[in-house]
Amino acid sequence: MADVLQTSTRRVTREGRSYPQGASVQPGGVNFALYSRHATGAFLLLFDAAGGPPTDVIRMEANTRHTWHVFVEGVKPGQLYGYKMLGDYAPAYGFRFNPYKLLVDPYARALSGKFRNQDNLLLGYDSGAADRDLVMDTRDNSALVPKSVVVDDAFDWGEDVRPENRLERLVIYEVHLKGFTAHPSSKVKHPGTYLGFIEKIPHLKALGVNAVELLPIHECYAEDFIVAKGLTNYWGYNTIGFFAPESSFSTGSTPACPAHEFKTLVRELHRAGIEVILDVVYNHSAEGSELGPTVCFRGIDNPSYYSLTGPGTQPGRYYANYTGTGNSLDLSNTHVIRFVMDSLRYWVEVMHVDGFRFDLAAVLGREAGKFQSSASFFDAIAQDPVLSRVKLIAEPWDIGAYEVGNFPVDWSEWNGRFRDTVRKFVKGDGGQLKDLGWRLTGSADLYGDDGRKAYNSVNFITCHDGFTLHDLTAYNGKHNDANLEGNNDGNNDNQSWNCGVEGDTDDPAVLQLRSQIAKNHLCLLMLSMGTPMLLGGDEFLRSQGGNNNAYCQDNEISWFDWDAAAKHGDFTEFCRRLIALTRRFTVLQRRKFLQGIDNDGNGLADVSWYGPDGNLPRWDDGEARTLCYRLDGAEVKSKLGSYSLFIVLNADYRDQPITLPTAGEGLSWRRVLDTSRPAGDDILAPGEEVVLDPPCQYLAKARSTVLLLGR
């Protein structure tokens, strides 16, 4: 062991300090600080080349409040480094220190490259031993492991101003950063990169979205079993660098390039009035189960970072697995909370992002194995002067808990109930009216009892995980063969309908029906109370060939085909006009839940419900598939003054004659939207609305959505 950690340095060092964690550039050098409560020794290794030997091996003598620290003079930004730790190798008790394994800094702001587990050198144990992880591997892997990179925060932000769009005015566009421009049809200068994304900002601006929700852009480790199949972790939900932007998304000219280019992207999105929301994965790390690699947290302080478990006399060998990915970070540990908070603040203060969507966020609220809305992590966020002001969105479930509606008041949530109910209704399932009423009005049954508003419901029909909007109308079943898992992966409960033909077809009637149903989905998404989230590419009917779990497909299955955008320009224009419509009719951006009462004394309730015959809806009729409602536009300040909207949702396979209420004295109903009409006439621009004649009736075609303006 002595040859592995033999101290040797050409540098002048001094004690340094324990804060801030990580490598911080200071006058005259760099301060290195690393938390490990259970280690007996810590060594800093400096490198001149990513694949070369260490130039310096520095013992970190100082230890303050479990943080090892040292100041090294003369070190500058761009310096490569890593750590090795001394301590017990006793996996049965949770300890997995291995001085032969180089470790990346949990606070590293950049890594020199991607992880590749050649010859199992990234494993801390002997994979050939009968007892596997109980036996230490004594092969040094310093040359193989990507190095942490010292990065400073210098960047010309110019006059960067956060858009600070209010939630009720937000239209979120969920998108994979690389996939947005990786396809040759994107015709950008740097495809699949932060800089390439910038070239497509005009598309987002024209569409009308004002927030992008980026799938994980933290540095990711592609799991060994996926790489062995010739695939990769495309989605990136396997973070190893919680401060480091994904290096493969940069042009790669310098080690600090990812951070600089990501900042450039944020600055340009802000200039376009578009916010940046990061999909972040603080529920687990890329090190997986006890049989996973030892590249960071596991080797630095396994019992502190992870929730450990185990049978009988081995309470610490195994990992609580609330995520299905092998481990769960221990958010009940004070240091782990501090680590996550430091990471989040870094992305807000240094990288200027505007909010976060938390993957499997129910894990973050687990204490003693159970979800608690008052968990320490939520309390820390609420009390933080930086993070309490940004947008916080939860994916409110994990593999063992479904906590929709149970998060704290400051949080919004992905509303899975909205997705499921709308999908069932639009494809024609009966018995959906009652639940649909709740979803259309902001899901007060989920969010109305704890001080939250309608906009805390993030409504979506599709997201990265599942069918695209096109595939939702083109496939009855998943087609995931390319994932090489025998089509056994992915969700089997998709609530999709292929309109009579599985997959591609040239049948014009089927194609027209698919387009109409896709428009119906978009209408329910955009006309409902709440914050709408559009899956990137749905605006031009992007397809994944029926793959509903394309997590490992870094290829044309997942990449945006911009030729399809040109082919389906009419659909994109419909989507653009629909978003513009929600801007025009501000009643669709209410902060308060709809309650069915008259709030302004004009004789109209904020929402009034109707069946096709003009009477009350048959809420409990399992055969009813048509729902109508009226919104009083005067209840929300608008340039339009007094107006009302009448919306018809006809999911029936038959035409439905609709009896309309009177528009009001001196007013008339005007057709604004009808998804059954041909492109160009399906949604009308201001001033183009068609006055109804006769004024009290409308024939809603089969499987259509209609919006009438009363003024």
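The basis for the numbers below is simple: all heavy atoms, side chains too, and nothing from hydrogens, waters or symmetry mates.
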Open item on the list: Tell me whether the NZ or CZ atom of Arg419 lies within the 45° cone about the ring axis of Phe460 and under 6.0 Å from its centre.
Closed with: no
Could you go through residues 57-64 and list every donor-acceptor pair under 3.5 Å that involves a side-chain atom there, pairing it with any protein atom two or more places apart or in another chain?
| unit_1 | atom_1 | unit_2 | atom_2 | d |
| --- | --- | --- | --- | --- |
| Asn63 | OD1 | His66 | N | 3.2 |
| Asn63 | OD1 | Thr67 | N | 3.3 |
| Thr64 | OG1 | His69 | NE2 | 2.8 |

TODO: Look at the side chain of Arg139 and the backbone N and O of Asp119, then say whether any donor-acceptor pair between them is shorter than 3.5 Å.
DONE: yes
Open item on the list: Is the distance between the ring centroids of Trp235 and His176 under 6.0 Å?
Closed with: no
Open item on the list: Between Phe378 and Phe407 (judged by ring centroids, cut-off 6.0 Å), do the two rings come close enough to count as a pair?
Closed with: yes
Open item on the list: Between Arg109 and Asp153, does any NZ, NE, NH1 or NH2 come within less than 4.0 Å of an OD or OE carboxylate oxygen?
Closed with: yes
Task: Donor-acceptor side-chain pairing of Asn117 and Asp224 below 3.5 angstrom - done: yes
- [ ] Check each of Phe339, Phe243, Phe262, Tyr107 against Tyr346 using the ring pair (Phe, Tyr, Trp, His ring centres under 6.0 Å) test, and report the only one that passes.
- [x] Phe243
Open item on the list: Is it the case that the side chains of Glu246 and Ser248 hold a donor-acceptor pair, with the cut-off being a distance below 3.5 Å and no angle test?
Closed with: yes
Task: Trp68 ring center within less than 6.0 Å of Tyr35 ring center - done: no
Task: Pair Tyr305, His335: side-chain N/O donor-acceptor within cut-off below 3.5 Å - done: yes
Open item on the list: Could you tell me if Thr323 and Asn283 have a donor-acceptor pair between their side chains, going purely by distance under 3.5 Å?
Closed with: no
Open item on the list: Under a plain distance cut-off of 3.5 Å, with no hydrogens placed, do Asn98 and Asp137 share a side-chain donor-acceptor pair?
Closed with: no
Task: Distance (rounded to the nearest 0.5 Å) between Tyr221 OH and Cys296 SG - done: 12.5 Å
Open item on the list: Testing the 3.5 Å rule here: is there a donor-acceptor pair between the side chains of Trp397 and Glu395?
Closed with: yes
TODO: Could you verify whether a donor N or O on one side chain and an acceptor N or O on the other, from Ser373 and Asn406, lie under 3.5 Å apart?
DONE: no
Open item on the list: Under 4.0 Å between a side-chain nitrogen and a carboxylate oxygen: does that hold for Asp420 and Arg417?
Closed with: no
TODO: First locate atom CD of Glu287, then atom CG of Asn327, and finally report the distance between them rounded to the nearest 0.5 Å.
DONE: 7.5 Å
TODO: Establish, from distance only, whether the side-chain atoms of Glu413 and Ser457 form a donor-acceptor pair under 3.5 Å.
DONE: no
Open item on the list: Assess, by modelled atom type and distance only, whether the side chains of Asn483 and Gln553 contain a donor and an acceptor separated by less than 3.5 Å.
Closed with: yes
Open item on the list: Is it true that Ser142 and Lys101 share a donor-acceptor pair across their side chains at a distance under 3.5 Å?
Closed with: no
TODO: Using distance alone, with no hydrogens and no angle criterion, decide if Thr232 and Asp554 have a side-chain donor and acceptor under 3.5 Å apart.
DONE: no
TODO: Would you confirm whether the ring centroid of Tyr83 sits within less than 6.0 angstrom of the ring centroid of Phe43?
DONE: no
- [ ] First locate atom CZ of Arg14, then atom CG of Asn31, and finally report the distance between them rounded to the nearest 0.5 Å.
- [x] 8.5 Å
Open item on the list: Can you confirm whether the side chains of Ser388 and Gln383 place a donor and an acceptor under 3.5 Å from each other?
Closed with: no
Task: Between Ser148 and Asp105, a side-chain donor and acceptor under 3.5 Å - done: no
- [ ] Would you please classify the geometry between the Phe242 ring and the Tyr282 ring as parallel, tilted or perpendicular, with 30° and 60° separating the classes?
- [x] parallel
TODO: Classify the side-chain pair Asn233/Asn238 by whether it contains a donor and acceptor separated by less than 3.5 Å.
DONE: no
Open item on the list: I'd like to know if Asp126 pairs up with Arg132 as an ion pair, taking the criterion as any Lys NZ or Arg NE/NH1/NH2 lying under 4.0 Å from an Asp or Glu carboxylate oxygen.
Closed with: no
- [ ] Establish, for the pair Lys147 and Phe47, whether the NZ or CZ atom is under 6.0 angstrom from the six-membered ring centre and no further than 45 degrees off its axis.
- [x] yes
Open item on the list: When you compare the side chains of Lys478 and Asn492, does any donor N or O come within less than 3.5 Å of an acceptor on the partner?
Closed with: yes
Open item on the list: Checking Gln544 against Asn547: is there a side-chain donor and acceptor pair closer than 3.5 Å?
Closed with: no
Open item on the list: Less than 6.0 angstrom separating the ring centers of Tyr237 and Tyr551, yes or no?
Closed with: no
Open item on the list: Can you see whether Tyr322 has Arg366 sitting over its ring - NZ or CZ less than 6.0 Å from the centre and within 45° of the normal?
Closed with: yes
Open item on the list: Does atom CG (Asp449) have a neighbourhood of more than 12 heavy atoms from anything else shown, all under 6.0 Å?
Closed with: yes
Open item on the list: With no hydrogens and no angle check, just 3.5 Å: does a side-chain donor-acceptor pair link Tyr19 and Arg65?
Closed with: no
